[in-house]
Number of protein chains: 2
Amino acid sequence: MGLAKTEMFTDQQNEIALFAKAFGHPARVAILQHLFKINSCVCGDLVNQIGLAQPTISQHLKELKHLGLIKGNVEGTSVCYCIDTKNWSTMKNVMLAFLDQDIQNTDCC
Amino acid sequence: MGLAKTEMFTDQQNEIALFAKAFGHPARVAILQHLFKINSCVCGDLVNQIGLAQPTISQHLKELKHLGLIKGNVEGTSVCYCIDTKNWSTMKNVMLAFLDQDIQNTDCC
DNA sequence: AATATTTATCGTAATATTGCAATGAATAAA
DNA sequence: TTTATTCATTGCAATATTACGATAAATATT
């Protein structure tokens with residue numbers, strides 16, 4: 001089916017899954033790392049940096065933007081993308097709460 | 001195509017994407033949370049807790065096990081699953097390095 | 001041995017994701 | 001205004017993911 005039954009999970013679980021899915025492709029990981037490194041970047045630079053075609057990069061950028069992790073500002077014919085640090089921070093808290101579950105836990109088997 | 005071109009990314013980027021993909025479905029998030037909460041759990045309990053069919057849960061468990069995040073011990077006819085805390089810790093470090101990129105960074109646009 | 005219980009695997013259908021060529025839209029430069 | 005340049009969108013093909021019924025495999029119980 002390929003269709004996640006989101007209605008049977010909590011909002012928190014669905015939110016974690018949505019953020020994680022954004023990081024579930026190396027191209028999007030690379031895009032975010034590059035945006036952090038360069039601290040602002042036009043789409044064309046990303047196409048050069050990463051080896052994927054322009055429509056493919058544009059599609060990945062759209063997903064990240066839709067999730068709120070990045071912002072895009074039009075500058076002439078190009079578009080300057082950058083991290084939305086506020087939303088990144090919110091996302092980070094959600095993911096940390098999930099990843100830090102182990103601190104109150106011990107091995108069993 | 002649905003085929004990620006892993007060869008054009010770094011090992012670190014591919015590793016982050018693999019771990020993130022594991023968390024990219026709410027059922028697997030729910031499974032991991034339940035394993036942490038109960039601190040050991042048989043497959044049947046997860047089938048009851050989460051509303052998915054037994055083969056579906058079994059498939060999700062297989063993915064998590066393959067990634068090394070959980071272990072399974074056979075106990076009679078049932079299988080006791082639990083978190084592999086050592087590997088979880090390794091994974092957490094990888095993810096934290098990615099999520100913490102923002103600490104040396106400021107907004108731009 | 002026969003039966004029940006539990007989990008894994010197989011097969012299959014439905015949907016999602018990835019990637020890119022072609023093309024459109026918008027601004028800049030000539 | 002014509003021509004570049006840059007990015008978004010559309011359309012499509014290939015592959016991946018999700019879900020589950022049917023069934024196999026393994027152990028426990030009788």
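Below, each value reflects all heavy atoms present in this structure, side chains not excepted, and no hydrogens, waters or symmetry copies. Letters A, B, ... are given to chains in the order of the sequence lines, protein chains preceding strands, and every chain is numbered from 1.
Using a 4.0 Å heavy-atom criterion, one finds that A:Val42 contacts the sugar-phosphate atoms exclusively. Among the atoms of the strands shown, none is found under 4.0 Å from any heavy atom of B:Ile57. Residue A:Lys21 is in sugar-phosphate contact alone, with no base atom involved, counting any heavy-atom pair closer than 4.0 Å across all strands shown.
Taking the charged nitrogens against the carboxylate oxygens, A:Asp84 and A:Lys65 have no contact shorter than 4.0 Å, which rules out a salt bridge.
When rounded to the nearest whole Å, the span between CD of B:Gln54 and P of C:dT6 equals 11 Å. Atom CG in A:Leu52 sits about 17 Å away from atom P in C:dT17, given to the nearest Å. Atom C1' of nucleotide D:dT6 and atom CG of A:Asn73 are separated by 16 Å, given to the nearest angstrom. With rounding to whole Å, B:His25 atom NE2 is found 3 Å from D:dA19 atom P. The interatomic distance linking A:Glu75 (CD) with D:dT6 (C1') rounds to 13 Å, in whole Å. Atom-to-atom, CZ of A:Arg28 to C1' of C:dG19 comes out at 12 Å; the value is rounded to the nearest Å.
Hydrophobic clustering, with ILVMFWY side chains joined whenever heavy atoms are under 4.5 angstrom apart, keeps B:Ile70 apart from B:Leu18.
Under the 3.5 Å distance criterion, the side-chain polar atoms of A:Ser78 are left unmatched by any main-chain donor or acceptor of A:Val74. B:Asn87 places a side-chain N or O within 3.5 Å of a backbone atom of B:Gly68 that can act as its donor or acceptor partner.
Residue order along DNA chain C, read from the 5' end via each residue's closest nucleotide, puts A:Gly24 first among A:Gly24 and A:Thr77. A residue-by-residue look at B:Gly44 and A:Glu63 shows that B:Gly44 has its nearest nucleotide of DNA chain C further toward the 5' end. Both A:Met8 and A:Ser78 lie near DNA chain D, and the one whose nearest nucleotide falls closer to the 5' end is A:Ser78.
Side-chain atoms of A:Gln59 stay outside donor-acceptor range of the base of D:dA8, with no qualifying N/O pair under 3.5 Å.
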